[in-house]
Structures are given as structure tokens and as C-alpha cells.
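One structure below.
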There are 2 protein chains.
Amino acid sequence: MLKITRKVEYALISLRHLQQKEKGQLSSAKEIADAYLIPQELLAKILQHLSREKIIEAVKGPAGGYKITTDPNTINMTKFFELMEGPMGIMDCSLDTSCDQLNACNIRTPINRINDSIRTMFDKMTLADITY
Amino acid sequence: MLKITRKVEYALISLRHLQQKEKGQLSSAKEIADAYLIPQELLAKILQHLSREKIIEAVKGPAGGYKITTDPNTINMTKFFELMEGPMGIMDCSLDTSCDQLNACNIRTPINRINDSIRTMFDKMTLADITY
DNA sequence: TTATTTACGACTATTTTAGTCGTATATAAA
DNA sequence: TTTATATACGACTAAAATAGTCGTAAATAA
Ligand code: SF4
Ligand code: SF4
């Protein structure tokens, strides 16, 4: 209930790690996995995802790795979550995925209000609030 | 990611339904299940849970059912969620359940801040904010 | 006595999340 | 040119959380 995923946590840990490096220095998936006891293959996929999304940049080959290329101040947290995990909403009716109760539902409005509050909260945050 | 459970939604739907009844009137599990297309057996368990927690009161036998006994203004939403689903936290380290990253974790502080924000938000709400 | 309703726990099914594996490609260095 | 190291990617499996079902008991109004 109301949990964030490991995928997101591992992404945040990695970004903070990269943040703290000297400009231009690279970190490999292995380096990060070892430092934080994260399964290496799993982390690799997450870093690849961040790379596809242009948040970090990959350098192949030996002595390769990743570096951060986007200013964390410019990355909105709602967007970041949705980049990693897809549409965010505390219940199903918030978007396409409907639910059996939809027509009769008597709590949709208040539940939506709560949903908006959470989104607003993350909308007001950037990645920098976490990685600094 | 950041979802509330059906169990909680069904509980809220039921409470709002009971709220709207005349004082003293009962609603059975079947009545509510039918009205909102909720699986009856599942809903029954949820109502029993609410009853054990003294939020509603059960009357057995034919023409029995449930009525609301607690003023929704007095039920804090954080407590309500934890009553239904157990300890609430966006990540594992928020309480007893630890995690492999704990020692090395570089995002624990900011993640905890976010967690607190969400708790605070629900702490400021009561059941009445949803059921009215 | 019967029909209706709550009570409760064990069980199963489904979905989501987490993690693994195999294989390909790029590239620096020996 | 070979080798070792690293990213890229998708298919697969495992584990955990969530959702829903079933059987059986007990209360009670009619
Ligand atoms: S709030 Fe109501 S309509 Fe929306 S997902 Fe929940 S039950 Fe369905
Ligand atoms: S914030 Fe860090 S210590 Fe807490 S659960 Fe996440 S990874 Fe573990």
C-alpha cells in the first residue's frame, strides 16, 4: 500500500551516486551495484532505462560506465516516476484502466482529490530534492 | 507504485454508504456488494474487519447488517489506513522491515522526508473528508 | 424449524514486483 | 588481432502482495 518500487529506489540511489562524482567521471553498473548491494543485472537494466530516457549517458567498453547528463533541478518527480513506472495514480480510475465499481462509485471524487494532492506534492519536487 | 488497495477502497465505499443512511438503519453486506458490484464474500470480510475495529457495529440475524458507530470526523486517515493494511510507508526502512541497502543507502534521508510528507498529508485528513 | 445474516479462517488465483540469464555489441588495451 | 570489460536488450523465472473464493459455524427473527 502506497509503496514506491525498488526500481525507483535503485534509480535514485544511482543518480545520487553519479551526482557526487567529479564532472566527467564514470561509474559502471558493477561499481554501483557493489557499493549498495544491489543485484547487478537488475541495476544494469535500470541504468539502461535511465540512459534510454537521456537522464544519464552511457559509455561502452572497458573503463566505460555512466555519467549524469541532465540537471537534476530540471527533472520533475512526477515525471520521473512515470518515466520509470508508467502512469501514477492511487487508484485505477485515475486513467484508462477502469474498474467494476466505476459507475456506482461513491468515493471517486474524494479519492481523486487525494490523488491530486499526491501528484501536486511530487510536481513541486525535482530530482535535486533527493539527490542533493 | 503508490497505489491504495481495493480493500481500502471497498471499506471507504461502504462507510460512505452507511453514512448516507438514516440514523439507526442497517445495511447488509449483500446490499452494499450489490450496489457497487463488489464481490460479496470479499466485502463481508472487510465489513467484519471494520466491525472488529469498532468503526461499525454488526447486527446478526435476518434483517441484520451494519451501522456506523464512530464519528468520521474523529477517524484519522493515517490511522485508518494502518488499521486496514498495517504500517504505512513508501519504503521498507521506514519501520521494522529492513533492506539490504540500509547501511550504504544514500537516499534514506530524502526518501524519509517524502514519506513524512505523505503521512502528514493523511494525518491532516479524517474519514469525514472522504465520506461526506 | 428455517432462512438470513454475521464471523472466521483456510485456501486459490491473479497481478505486480523483483531478479536472473543468454546473447549481442562496442571498445580500450595487450 | 585477440581478450577482457562494459553496455544493450529481451525472454524468462521467482517471489511477494493483492484479490477473491469456499466451507463451516453461530446468532436470531419470523
Ligand atoms: S475510486 Fe471508485 S471508480 Fe475509482 S478505482 Fe476506486 S472504486 Fe473504481
Ligand atoms: S531508502 Fe534506502 S535504506 Fe530505506 S528502504 Fe530504500 S534502499 Fe533501503
d([atom1], [X]; [atom2], [N]) in whole Å:
X	N	atom1	atom2	result
B/E9	D/dG20	CD	C1'	16 Å
B/I46	C/dT6	CD1	P	14 Å
B/R6	D/dT18	CZ	C1'	11 Å
B/L37	D/dA19	CG	P	17 Å
A/K3	D/dA16	NZ	C1'	12 Å
B/D92	C/dT17	CG	C1'	12 Å
A/H49	D/dT7	NE2	P	17 Å
B/L43	C/dT6	CG	C1'	12 Å

Q.
If you assign B/G64 and A/Q40 each to the DNA chain C nucleotide with the nearest heavy atom, which residue ends up on the more 5' nucleotide?
A. B/G64
Q. Does A/P62 or A/T5 map to a spot on DNA chain C nearer the 5' end, using the closest nucleotide for each?
A.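 Residue closer to the 5' terminus by nearest nucleotide: A/T5.
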Q. Do you see a donor-acceptor pair shorter than 3.5 Å between the side chains of A/E85 and A/T5?
A.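 Present: a donor and an acceptor within the cut-off.
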(Q) Any donor-acceptor pair under 3.5 Å linking the side-chain atoms of B/Q19 with those of B/T131? (A)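 Yes, side-chain donor-acceptor contact under 3.5 Å.
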Q. Can you tell me if the side-chain N/O atoms of B/Y10 get under 4.0 Å from OP1 or OP2 in D/dA19?
A.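 So the side chain of B/Y10 is outside the cut-off, no N or O lying under 4.0 Å from OP1 or OP2 of D/dA19.
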Q: Please confirm whether the backbone N or O of B/I32 pairs with a side-chain atom of B/S27, one donor and one acceptor, at under 3.5 Å?
A: no
(Q) Pair B/D123, B/T78 - check side chain to side chain donor-acceptor pair (under 3.5 Å), show working. (A) CA-CA 5 Å; B/D123 266 332; B/T78 301; 3.1 Å; yes
(Q) On DNA chain D, compare the nucleotides closest to B/V59 and A/G65; which residue's is nearer the 5' end? (A) A/G65
**Q.** From B/I130, B/L127, B/L47, residue fulfilling side-chain contact (heavy atoms from CB on, under 4.5 Å) relative to B/L15
**A.** B/L127
(Q) When you group the ILVMFWY residues by side-chain heavy-atom contacts below 4.5 Å and let the links chain together, are B/I38 and B/L26 in the same group? (A)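 Different clusters: B/L26 never reaches B/I38 through Ile, Leu, Val, Met, Phe, Trp or Tyr contacts under 4.5 Å.
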Q) Does the pair B/I118 and A/F122 meet the rule for a side-chain contact (heavy atoms from CB on, under 4.5 Å), with working shown? A) CA-CA 10 Å; B/I118 291 181; A/F122 288 123; 4.1 Å; yes
Would you tabulate the nitrogen or oxygen pairs shorter than 3.5 Å linking the protein to nucleotides 8-11 of chain D?
| unit_1 | atom_1 | unit_2 | atom_2 | d |
| --- | --- | --- | --- | --- |
| D/dA8 | OP2 | A/Y66 | OH | 2.9 |
| D/dA8 | N7 | A/Q48 | NE2 | 3.2 |
| D/dC9 | OP2 | A/R52 | NH1 | 3.0 |
| D/dA11 | N6 | A/K45 | NZ | 3.4 |

